Amino acid sequence: MYNNPPYGGSLHHSHSHSSHRGHQTGYGYSPGPPAGADPQLWQWFTAVDSDRSGSISVSELQAALVNGNWSRFDLDTVKMLMNIFDTDRNGTIGFAGLWKYISDWQGVFRHFDRDRSGSIDGRELSEAMRSFGYNLSPILLTLIERKYASAPTTGYGPPPGITFDRFVRACVAVKTLTESFQRLDSDRDGWISINYEEFMKIVLNAP
């Protein structure tokens, strides 16, 4: 079984604004990374932080993240990442935690992209989910593939399939829905009884 994928941000806490307030960002200065920070990560962060606010907004994050075919990240995936790392809910995120999270997921994606196409096909998706401990039926796997697969491409770019950004969102969605079900399945028999309100909350809270 593949090691647990990096679903949440709890293992890699993002730094607060105070962690780099002491670094001047005005004209004529070349700020260095905070103490103990990876210089490469800091260079990426300062390049993304276009307004030099010391934190990254949704628009800055989407502009910075691209898939293997150089397409921008799906906006829903960007919002999901912001939700994970924006712990104080101020609409921005700080340094390092997010980039480490994305780097870890890239490793997961490359592991299951067996044919190096730049996207995950149905067979690869099945292998990934099984390795994560989710024994999903062929019908469910097909629904996931249809929901998260990219539109058919023409010319350059990977073949139709699930691109990196949508793969992350699909995995987090399966985890979120599974955990929501397990919380209600108190006797662990694989069946639950819920009303319409509870059902809608589960679905609408999924990525």
Side-chain angles (χ1 to χ4, degrees), residues 3-20 34 37-38 41-42 44-68 71-109 112 120 125 128-129 132-134 136 140 143-150 162-184 194 197-207:
N3 290 335
N4 290 334
Y7 287 111
S10 59
L11 296 180
H12 313 293
H13 295 291
S14 59
H15 292 262
S16 65
H17 295 183
S18 61
S19 62
H20 34 79
D38 185 324
L41 292 180
W42 178 252
W44 174 85
F45 180 86
T46 54
V48 174
D49 182 21
S50 57
D51 62 1
R52 298 297 184 263
S53 65
S55 58
I56 301 174
S57 65
V58 171
S59 58
E60 289 173 331
L61 183 59
Q62 188 180 28
L65 298 176
V66 294
N67 291 295
S71 63
R72 283 190 175 186
F73 263 39
D74 179 77
L75 182 57
D76 287 333
T77 303
V78 175
K79 289 179 178 178
M80 182 195 75
L81 294 173
M82 290 294 294
N83 186 58
I84 292 173
F85 287 93
D86 181 15
T87 54
D88 58 4
R89 297 295 180 258
N90 69 347
T92 61
I93 54 177
F95 169 64
L98 170 70
W99 185 240
K100 181 67 168 65
Y101 179 83
I102 292 173
S103 296
D104 289 346
W105 267 112
Q106 285 176 330
V108 174
F109 183 85
F112 291 108
I120 298 293
L125 176 66
M129 290 298 171
F132 298 157
Y134 302 115
L136 305 180
L140 288 178
L143 287 173
I144 293 171
E145 188 176 8
R146 287 177 182 172
K147 179 177 177 64
Y148 294 101
S150 303
I162 303 177
T163 52
F164 171 64
D165 57 338
R166 291 170 177 261
F167 175 71
V168 173
R169 188 153 61 95
C171 291
V172 174
V174 170
K175 176 178 183 290
T176 300
L177 291 170
T178 300
E179 290 179 346
S180 296
F181 182 93
Q182 290 173 340
R183 281 193 294 270
L184 296 170
I194 60 175
E197 181 83 7
E198 291 173 323
F199 171 76
M200 290 301 291
K201 284 179 181 178
I202 292 173
V203 173
L204 294 175
N205 280 323

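Because the structure is a prediction, the values reported are computed rather than measured.
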Give, for atom CE of Met129 and atom CD1 of Ile144, the distance between the pair rounded to the nearest 0.5 Å.
-> 4.5 Å
For side chain to side chain contact (heavy atoms under 4.5 Å, CB included), just list the numbers for Asp51 and Glu60, CA-CA rounded to whole Å, side-chain angles, deciding distance to a tenth of an Å, and then say yes or no.
-> CA-CA 9 Å; Asp51 62 1; Glu60 289 173 331; 3.0 Å; yes
Least distance between heavy atoms, Ser180 atom then Ile202 atom | CB-CG2, 3.9 Å
Gap between atom CG of Leu184 and atom CD1 of Ile194 - 0.5 Å precision | 6.5 Å
Determine yes or no for a side-chain-to-main-chain donor-acceptor pair under 3.5 angstrom, with Asp86 supplying the side chain and Met82 the backbone.
-> no
Assess whether atom CZ of Phe199 is packed by more than 12 heavy atoms of other residues, nucleotides or ligands within 6.0 Å.
-> no
With rounding to the nearest 0.5 Å, note down the distance linking OH in Tyr134 to CG in Leu177.
-> 10.0 Å
Does Arg89 CZ have over 12 foreign heavy atoms under 6.0 Å away?
-> yes
What's the shortest heavy-atom distance between Val78 and Phe73, and which atoms?
-> CG2-CB, 3.7 Å
From Leu81 CG over to Tyr101 OH, what is the distance, rounded to the nearest 0.5 angstrom?
-> 6.0 Å
Can you name the closest pair of heavy atoms from Thr92 and Ser57 and give their distance?
-> CG2-CA, 4.3 Å
Derivation and outcome, side chain to side chain contact (heavy atoms under 4.5 Å, CB included), residues Phe132 and Val108 | CA-CA 11 Å; Phe132 298 157; Val108 174; 3.7 Å; yes
At what distance, to the nearest 0.5 angstrom, does CG of Asp104 lie from CZ of Phe109?
-> 15.5 Å
Side chain to side chain contact (heavy atoms under 4.5 Å, CB included) partners for Glu145, two or more places apart = Leu125
In residues 164-171, what donor-acceptor pairs under 3.5 Å come from side-chain atoms, sequence neighbours left out?
unit_1: Asp165; atom_1: OD1; unit_2: Asn67; atom_2: ND2; d: 3.2
unit_1: Asp165; atom_1: OD1; unit_2: Thr163; atom_2: OG1; d: 2.6
unit_1: Asp165; atom_1: OD2; unit_2: Asn67; atom_2: ND2; d: 3.4
unit_1: Asp165; atom_1: OD2; unit_2: Asp74; atom_2: N; d: 2.5
unit_1: Arg166; atom_1: NH2; unit_2: Asp74; atom_2: OD1; d: 3.4
unit_1: Arg169; atom_1: NE; unit_2: Asp74; atom_2: OD2; d: 3.4
unit_1: Arg169; atom_1: NE; unit_2: Thr77; atom_2: OG1; d: 3.3
unit_1: Arg169; atom_1: NH2; unit_2: Asp74; atom_2: OD2; d: 3.0

